[in-house]
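Here's the structure we're looking at; comments come further down.
Just so it is clear: chains get the letters A, B, ... in the order the sequence lines come, proteins before strands, and each one is counted from 1.
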Amino acid sequence: MLPPAAAAAIRATAGSPRAVRRVHARLLKEGLADLLPAPALLVSAYARSCLLPDARRAFDDAPRRDLYLYSALLAAVSRSSAPELALPLLRRMLSDDALRPDHFVLASLASAAARLRSLRLGRQLHAHFVASPYSADDVVKSSLIDMYCKCGVPEDARKVFDSIGVKNGVVWTALVSGYASNGCTGEAIDLFRSMPERGLFAWTALISGFVKAGNNTGAVGLFVEMRRDGVRIDDAFVLATVVGGAAELAALVLGRQLHGFAITLGFLSSMIVGNALVDMYSKCSDIHSAREVFGGIIVRDVVSWTTILVGEAQHGRVEEVLALYDRMLLAGMKPNEVTFVGLIYACSHAGLVQKGRQLFDSMKREYGIKPGLQHYTCYLDLLSRSGYLSEAEELITTMPYEPDEASWGALLSACKKHNDTQMCLRVADNLLELRPKDPSTYILLSNVYAVNCKWDSVAKVRKIMAEMEIRKEPGYSWIEAGRESRMFHAGEVPLDIGEEITRFLEELVSEMRKRGYVPDTSSVMHDLEENEKEQHLFLHSERLAVAFGILKSPPGSVIRVVKNLRVCGDCHTVMKFISEIAQRKIIVRDASRFHHFEDGNCSCSEFW
DNA sequence: TATTGGGAGA
């Protein structure tokens, strides 16, 4: 038996990699490392220090594999970034060591199934659990509740919930969060209100569920209510969550208020709040404040670095992105798969083919990260945008993933841009076969076929659109004016100030024409006369919003607009003209990136 | 000896 003092020493290492290694070395030297329960304790200690490879090694070095050892490693694996590794471990446990899973093992496996979103595995575990001697265990039940919610079937979670006699806080919050994140707002609120005690944990679960379901306005409202209720904010999770909601809403005024609030509560140096604020400022087009907050985070992790890096990338600041990456490596930080999405994306939007190629290679070679479909799509975009069309086509057919709508779409826009007619038609046919979901893809396809006079294909595209009842999602844009935000819909002139806006836009257009503006109506899908098409463009929502902004804000201030779709080519041109004529900096966040318009130019260098 | 719920990046 391991002396109690030695067991206590292992437990006391609490998340410090150096301490675990030191204690492990001492145990080896004193010949205690194999005494039970040292192996299981070491596995857990390594796992708590985020040293999964070391935990695995400790597992492999153990003289005997028992349930304790398995449950320690399974708990670590199911919490890790690769929960799928729990499955081979389970098979090994069942066949090589002939061990039956107990409630500890079942709880961890259910949590792995939740993270893998594997309803099949989850249901199998549930069946096994019900037939096992542990079928009354509430910890496994809370894990199953979470699994059903994460797999999108909160009604099944409810059945497990109802089977629990005395419910603790974990059980309640698991289901509240599950209802909310699946968009079952009413159920979430009802359950929340019927909780015997509503602590910070429950509020955080509810609010984060709202944010996950995209109900950001609701989340902010709940946060206000929580404050009114006088709930003490002991930890920073809820702030990070609600700041994330403000980021999605692009609500800069609200975001600034939350920032001030974080300072008041003393969470300014908190990493998770800092990370959320960096993302919020970046999504609210205020990249300067994002940089400032990033500079103030004392202990930065890979998420902090990746957040600011992706922010700079979306704002088109390639030099900053590459400089940040160097600083990140110098600081000893290991980039992950998200970091590489940001890096390759930045290179793609700046046409840095060699640099992007080098990064794509180093991801696998130096960091052992297997490129995902998203990486291939970014890389494909980089090659094809920069004119390496045949290499891109070769890549799309040889890459280890089935190309999706985004991959073919990227290739199609590129060969359209580079006027490779034959390839355009080949790619378009492939894309059409996928029966894309995104209406803008059909617009692109229809344009490509129309330009090449493939009228039968144009007809086919239109027929599919009609069949699938695909209509282009209506465009809308919003802009913050004072404390509230104002929304503009394409083609709809607001009653109160519409006249003022249209008059102003007309003035702008006539000045633009003097400077050489010719409307580009190729993005208008409808069968209309040319002047009617121009009228359509004239009322695109971002123009209404920008005109409103210029009219209603102090001269010289920055105009920030958010749009739900991508800006069309013509609006992009118009924004450049307006920034020059009105002498205003205009920042538009569209569905894919940011455009900073200033003195007739855009930060995206025509890459979007 | 171990197990469950809320958090930040695409």
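By the ring pair (Phe, Tyr, Trp, His ring centres under 6.0 Å) test, A/Tyr379 pairs with A/Phe360, sequence neighbours left out.
For residues 139-149 of chain A, the set of pairs meeting the side chain to side chain donor-acceptor pair (under 3.5 Å) definition, not counting sequence neighbours, comprises A/His126-A/Tyr148, A/Lys141-A/Ser163, A/Asp146-A/Lys150.
In summary, of the residues considered (A/Asp96, A/Asp60, A/Asp97), a side-chain hydrogen bond (donor to acceptor under 3.5 Å, both in side chains) with A/Arg65 occurs for A/Asp97 alone.
In this structure, A/His375 contributes its side chain and A/Glu337 its backbone to a donor-acceptor pair below 3.5 Å.
Between A/Thr339 and A/Met328, the closest side-chain pair of non-hydrogen atoms falls below 4.5 Å. Contact annotation: the side chain of A/Leu119 approaches that of A/Arg123 to within less than 4.5 Å [non-hydrogen atoms, C-beta and beyond].
Taking the six-membered ring for Trp and the full ring otherwise, the centers of A/His103 and A/Phe129 sit at least 6.0 Å from each other. Here the two rings, on A/Phe223 and A/Trp203, have centers that are 6.0 Å apart or farther. Proximity of the aromatic rings of A/Tyr325 and A/Trp305 is defined here by a centroid distance below 6.0 angstrom, and this criterion is not met. For A/Phe192 and A/Trp172, the gap between ring centers reaches or exceeds 6.0 Å. Aromatic pair A/Tyr281/A/His259: ring centres closer than 6.0 Å.
Residue A/Ser71 is in base contact, counting any heavy-atom pair closer than 4.0 Å across all strands shown. Among the heavy atoms of the strands, none lies under 4.0 Å from A/Asn168. Within 4.0 Å (heavy atoms only), A/Ala75 reaches sugar-phosphate atoms of the nucleic acid but no base atom. Within 4.0 Å (heavy atoms only), A/Gly209 reaches no atom of the nucleic acid at all.
No hydrogens or angles considered: nothing links the side chains of A/Asp279 and A/Thr307 as a donor-acceptor pair under 3.5 Å.
Within residues 126-163 of chain A, the residues that have a heavy atom under 4.0 Å from DNA chain B are, in order of number, A/Val139, A/Ser142, A/Ser143, A/Asp146, A/Lys150. Near DNA chain B, defined here as any heavy-atom distance below 4.0 Å, the residues from residues 229-245 of chain A are A/Asp235, A/Phe237, A/Thr241, listed numerically. Non-hydrogen atoms lying under 4.0 Å from DNA chain B are contributed by A/Thr307, A/Val310, all within residues 307-315 of chain A.
Contacts between chain A and DNA chain B, taken as any atom within less than 4.0 angstrom of a protein heavy atom, begin and end at B/dT1 to B/dA10.
When all heavy atoms of A/Asn275 and A/Ser304 are compared, the pair lying nearest together is OD1-OG, 2.8 Å.
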